Amino acid sequence: MDRLEIVEADITTLDVDAIVNAANTSLLGGGGVDGAIHRAAGKELLAECRTLNGCRTGEAKITKGYNLKARHVIHTVGPVYSDGRQGEPELLAACYRNSLALAVENGLKTIAFPLISTGVYGYPLEEATPIALREIKAFLETHPDFERVIVACFSRKAYDLYMQLTME
Ligand code: ADP
């Protein structure tokens, strides 16, 4: 799948139509990748987010990218992981699916994802990775005109695991 690219990178540096933010339901900023995106985008991002009335888990909302290289930010809210039997897989899959659908609706062609829910929200990387890959690959197969999906891994460990699972 040559339109899927796995990279080890800080997602805030990527030059794409949209980067995806692993946000929380308030959409008013937080730690991890959310904090990094808000810091890099500037205060205007928070101002636009305040107008959105939050976001439910599994859903996605789009804003401009402001000071980021990326033109847009797609904010999605991943599930908090408890034991994997509380609907977490479906909600995580919905994050990827709804973010990609929003990109298409807005005429975007390139997008970069962080590893949603695998930080503070506690989703084991080994369980989240196959879900993300399945959704991204299914999307690319049905959207031949979409140019590129990047998965930005923030650690070498995550990158290595992703590469290993992508090869399978
Ligand atoms: P969540 O609350 O959805 O778990 P986190 O931000 O805590 O969100 O973590 C999600 C993933 O994003 C983690 O794998 C974390 O290592 C990664 N991450 C944190 N900062 C960045 C960044 N600047 N670029 C890319 N990934 C990042």
Side-chain angles (χ1 to χ4, degrees), residues 4-43 45-46 49 52 54-100 102-103 108 110-136 148-166:
L4 168 59
E5 195 180 335
I6 317 296
V7 301
E8 187 185 349
D10 175 347
I11 201 165
T12 63
T13 66
L14 300 180
D15 184 358
V16 283
D17 291 335
I19 60 172
V20 175
N21 182 15
N24 55 53
T25 53
S26 77
L27 293 186
L28 299 181
V33 72
D34 196 2
I37 288 172
H38 275 275
R39 272 195 301 280
K43 284 182 183 156
L45 177 61
L46 183 58
C49 283
L52 298 178
C55 183
R56 291 201 191 93
T57 304
E59 295 185 355
K61 294 195 176 176
I62 191 167
T63 64
K64 289 189 269 186
Y66 300 100
N67 297 337
L68 291 163
K69 272 197 194 140
R71 270 72 72 194
H72 300 86
V73 179
I74 292 176
H75 307 261
T76 190
V77 182
V80 176
Y81 188 89
S82 58
D83 63 0
R85 294 173 181 197
Q86 313 302 320
E88 300 97 325
E90 293 75 17
L91 288 167
L92 185 62
C95 287
Y96 285 91
R97 226 178 294 131
N98 289 328
S99 297
L100 290 163
L102 205 48
L108 312 185
T110 58
I111 191 169
F113 283 95
L115 308 180
I116 299 164
S117 283
T118 69
V120 174
Y121 281 3
Y123 216 117
L125 207 54
E126 290 74 8
E127 291 177 40
T129 301
I131 294 169
L133 287 173
R134 183 191 73 215
E135 292 303 326
I136 293 168
R148 186 159 297 270
V149 178
I150 296 173
V151 176
C153 303
F154 204 46
S155 71
R156 190 73 204 181
K157 178 173 174 272
Y159 174 80
D160 287 344
L161 179 63
Y162 246 80
M163 288 310 279
Q164 197 182 314
L165 289 162
T166 319

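Not measured: the values here are computed from a predicted model. Index from 1, following the sequence. Whatever order the structure lists ligands and atoms in, that order sets their numbers, starting from 1.
The salt bridge (charged side-chain N to carboxylate O under 4.0 Å, His left out) analysis of residues 13-22, with sequence neighbours excluded, yields the pairs D15-R71, D17-R71.
When each of V80, L115, I131 is tested with Y123 by the rule side chain to side chain contact (heavy atoms under 4.5 Å, CB included), just one qualifies, namely I131. Between P114 and the options I11, N21, V151, D10, a side chain to side chain contact (heavy atoms under 4.5 Å, CB included) holds for only I11.
Considering only residues two or more places apart in sequence or on other chains, T63 meets the side-chain hydrogen bond (donor to acceptor under 3.5 Å, both in side chains) condition with H75. Taking E135 as the reference, R97 meet the side-chain hydrogen bond (donor to acceptor under 3.5 Å, both in side chains) condition, with sequence neighbours excluded.
Put simply, the side chain of E88 reaches to within 4.5 Å of the side chain of D83, judged on heavy atoms.
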Quick check on ligand 1: any N or O pairs to the protein under 3.5 Å? One line per pair.
residue: ligand 1; atom: 3 (O); partner: S117; partner atom: N; Å: 2.9
residue: ligand 1; atom: 4 (O); partner: S117; partner atom: O; Å: 3.4
residue: ligand 1; atom: 4 (O); partner: G119; partner atom: N; Å: 2.9
residue: ligand 1; atom: 4 (O); partner: V120; partner atom: N; Å: 3.2
residue: ligand 1; atom: 4 (O); partner: Y121; partner atom: N; Å: 3.0
residue: ligand 1; atom: 6 (O); partner: V33; partner atom: N; Å: 2.8
residue: ligand 1; atom: 7 (O); partner: V120; partner atom: N; Å: 2.8
residue: ligand 1; atom: 9 (O); partner: G119; partner atom: N; Å: 3.4
residue: ligand 1; atom: 14 (O); partner: T118; partner atom: OG1; Å: 2.7
residue: ligand 1; atom: 23 (N); partner: D10; partner atom: OD1; Å: 2.9
residue: ligand 1; atom: 24 (N); partner: I11; partner atom: N; Å: 2.9

